[in-house]
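Contents: one structure, followed by commentary.
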Amino acid sequence: MDFIKKQLDGTGMSEQTIGILSNIIMVIFIAVVSILANYIAKRIVLKTIHHIVNNNRYKWGHIIVEKKLFHKLSHLVPAIIIYYSAYVFPSYQALIEKAAMTYMIVVTITVFNALLNVFDDIYRSYEVSKIRPIKGYIQVAKIILFIIGGIIVISSLIGQNPLIILSGLGALSAVLMLVFKDSILGLVAGVQLSSNDMVRVGDWIEMPKYNADGDVIDITLNTVKVRNFDKTITMIPSYALISDSFRNWRGMQVSGGRRIKRSVYIDTSSITFCTEDMIEEFRKIHYLTDYIATRISEINEYNMEHQINTESKVNGRQLTNVGVFREYIHQYLKNHPKIHQDMTLIVRQLAPGDNGLPLEIYAFSNDITWGVYESVQADIFDHIFAVAPTFGLRAFQNPTGHDIVQLKESPQFSRGY
């Protein structure tokens with residue numbers, strides 16, 4: 001500044017004009033230096049850093065570039081120049097320093113915010129992030145960062161110690177608790193969800209209270225985002241997963257088998273003892289050949305040992321068509337390529353009711369994909385309904401309009417009427 005004034009003294013201008021003009025020249029000089037420094041930082045330094053990162057085999061380098069961490073950091077360069085040049089203007093030095101310091105604090109906050117985003121993205125690139133998500137903790141850290149940053153900015157502008165402002169916030173603790181209620185509940189819920197491994201990104205959860213039935217795609221401080229199977233998105237408060245019940249299908253996904261639990265209802269009037277002709281027909285069925293031979297041998301031995309009069313089917317032990325049918329279904333499932341053979345496989349009778357005798361198939365498909373699972377289940381029951389008449393059985397069905405019409409047209413109905 002003194003050098004500029006000395007150069008202007010020989011021009012014959014007044015002292016006031018020299019002062020104003022020297023200030024303008026100094027401002028222009030500082031602005032040019034700041035712009036030049038900013039240009040060097042962004043065009044040369046940042047390009048060099050990006051070149052090094054792009055040639056680096058580590059993925060985290062690309063994440064740093066994507067989040068513009070160094071780009072945000074470069075904004076400090078002109079602010080530092082302006083801050084240390086404030087002494088040139090004694091009358092405005094305090095104001096310039098405060099403005100420059102405030103700007104540097106704000107830039108520093110944005111840098112740390114970007115750094116937290118970088119850390120979150122790097123962590124998400126590892127498989128452990130699906131088991132132990134930290135996005136909620138990152139959001140808590142951001143809240144703390146912005147609160148502390150705001151306090152420092154205010155203290156810098158008013159020229160007070162930040163501790164004085166912090167002590168004043170103690171009286172506002174009740175208000176802060178109310179404002180950040182959801183965040184506090186979400187933080188507590190996030191810790192419990194993570195520590196107890198209750199839900200992960202990618203889990204299929206079902207929560208009827210919130211109409212949620214789909215895959216978890218994000219876990220944040222306040223919400224758990226679920227993409228339902230109809231492609232809609234449901235937002236569930238994090239603390240709701242602690243306070244309310246929900247179903248997590250991860251166990252099924254991990255096991256590799258998906259349960260089939262469905263019944264076919266047999267008309268009880270079609271259940272009967274097996275005749276000799278029926279037994280001979282059953283011997284021809286591939287899945288029943290060994291079973292029929294073994295069971296007939298056991299039954300004959302038992303009846304002979306106990307001197308059973310076999311002229312009446314009621315006496316002794318006999319094969320029934322529903323029993324043979326149940327064994328056929330069991331053998332059919334044991335040989336089915338889409339049934340998980342290392343998991344529970346049962347074909348059982350349930351208590352008979354108004355709809356006949358339920359034969360329940362309890363098994364697991366070896367493919368948990370929804371479409372494949374439904375196709376396997378449908379194929380199995382298609383086959384069961386198709387083969388039931390081979391065993392002299394009828395599937396139960398309430399009379400329909402077609403059945404009533406057929407009944408009216410039958411000769412028996414006409415004669416009886």
Side-chain angles (χ1 to χ4, degrees), residues 206 208 213 247 249 252 257-289 291-292 295 299 313-314 317-341 343-368 370-410 412-413 416:
E206 187 178 347
D213 185 11
R247 176 179 292 181
W249 292 85
M252 179 272 292
R258 190 162 181 173
R259 189 182 69 176
I260 298 172
K261 185 182 179 183
R262 187 181 291 183
S263 298
V264 55
Y265 292 86
I266 302 298
D267 188 343
T268 53
S269 63
S270 64
I271 298 174
T272 182
F273 289 114
C274 293
T275 63
E276 292 295 331
D277 293 337
M278 292 172 66
I279 291 174
E280 289 303 316
E281 288 297 320
F282 294 158
R283 289 183 190 272
K284 300 175 184 178
I285 299 175
H286 178 69
Y287 293 141
L288 293 178
T289 303
Y291 171 77
I292 293 296
R295 293 291 291 162
I299 289 171
K313 293 287 186 181
V314 176
R317 297 172 60 183
Q318 303 289 338
L319 284 176
T320 61
N321 58 347
V322 70
V324 177
F325 183 54
R326 179 163 48 85
E327 177 61 23
Y328 170 79
I329 296 173
H330 187 265
Q331 293 299 326
Y332 172 74
L333 295 175
K334 284 183 67 176
N335 290 275
H336 199 290
K338 292 294 184 178
I339 295 298
H340 204 304
Q341 301 301 325
M343 292 186 169
T344 305
L345 198 165
I346 298 174
V347 181
R348 60 175 182 166
Q349 288 186 12
L350 301 181
D354 295 339
N355 294 327
L357 175 67
L359 282 184
E360 184 184 75
I361 285 79
Y362 193 102
F364 290 81
S365 66
N366 56 18
D367 193 324
I368 63 172
W370 188 13
V372 176
Y373 161 78
E374 292 292 350
S375 177
V376 170
Q377 187 170 229
D379 288 344
I380 289 172
F381 279 87
D382 287 348
H383 182 78
I384 290 173
F385 281 111
V387 301
T390 304
F391 295 85
L393 296 169
R394 293 188 301 274
F396 180 86
Q397 178 176 287
N398 287 321
T400 65
H402 177 73
D403 296 326
I404 296 173
V405 170
Q406 293 295 318
L407 179 62
K408 287 183 177 181
E409 292 177 352
S410 65
Q412 294 85 351
F413 181 85

List for me each residue that meets side chain to side chain donor-acceptor pair (under 3.5 Å) alongside [X], sequence neighbours excluded, and say none if there are none.
{"X": "Gln349", "answer": "none"}
{"X": "Tyr265", "answer": "none"}
{"X": "Gln341", "answer": "none"}
{"X": "Asp367", "answer": "Thr369"}

**Prompt:** Got a sec, which pairs hit salt bridge (charged side-chain N to carboxylate O under 4.0 Å, His left out) with one end in residues 321-338, sequence neighbours left out?
**Reply:**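 For residues 321-338, and leaving out neighbouring residues, there are no salt bridge (charged side-chain N to carboxylate O under 4.0 Å, His left out) pairs at all.
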**Message:** Would you call the rings of His383 and Tyr332 parallel, tilted or perpendicular, taking 30° and 60° as the class edges?
**Reply:** parallel
How many angstroms lie between atom [atom1] of [X] and atom [atom2] of [Y], to the nearest 0.5 angstrom?
{"X": "Ile260", "Y": "Thr344", "atom1": "CD1", "atom2": "OG1", "answer": "12.5 Å"}
{"X": "Ile384", "Y": "Leu333", "atom1": "CD1", "atom2": "CG", "answer": "6.5 Å"}
{"X": "Phe364", "Y": "Leu345", "atom1": "CZ", "atom2": "CG", "answer": "9.5 Å"}
{"X": "Leu393", "Y": "Thr320", "atom1": "CG", "atom2": "OG1", "answer": "8.5 Å"}
{"X": "Ser263", "Y": "Phe381", "atom1": "OG", "atom2": "CZ", "answer": "7.0 Å"}

**Complete:** Taken in chain and number order and not counting sequence neighbours, the residues that satisfy side-chain contact (heavy atoms from CB on, under 4.5 Å) with Thr275 are Asp277, Met278
**Asked** Taking only residues two or more places apart in sequence, or in another chain, which ones meet Gln318 in a side-chain contact (heavy atoms from CB on, under 4.5 Å)?
**Response**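 Only Phe273, Asn303, Lys313 meet the side-chain contact (heavy atoms from CB on, under 4.5 Å) criterion with Gln318.
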**side chain to side chain contact (heavy atoms under 4.5 Å, CB included) between Ile292 and Val324, worked out** = CA-CA 8 Å; Ile292 293 296; Val324 177; 4.3 Å; yes
Using salt bridge (Lys or Arg N to Asp or Glu O under 4.0 Å) as the criterion, list what pairs up with [X], not counting sequence neighbours.
{"X": "Arg283", "value": "Glu280"}
{"X": "Arg295", "value": "Glu298"}
{"X": "Glu374", "value": "none"}
{"X": "Asp267", "value": "Arg394"}

**Request:** Start with the C-alpha distance between Tyr328 and Tyr291, add both sets of side-chain angles, then the distance that settles side chain to side chain contact (heavy atoms under 4.5 Å, CB included), and finish with yes or no.
**Result:** CA-CA 9 Å; Tyr328 170 79; Tyr291 171 77; over 6 Å; no
**Message:** Tell me the closest heavy-atom pair linking Gly257 and Ile368, and the distance in Å.
**Reply:**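 In this case the closest contact between Gly257 and Ile368 is N-CG2, 3.7 Å.
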Show me the donor-acceptor pairs, under 3.5 Å and distance only, between side chains in residues 350-361 and residues at least two apart or in other chains.
{"unit_1": "Glu360", "atom_1": "OE1", "unit_2": "Arg348", "atom_2": "NE", "d": "2.6"}
{"unit_1": "Glu360", "atom_1": "OE1", "unit_2": "Arg348", "atom_2": "NH2", "d": "2.7"}

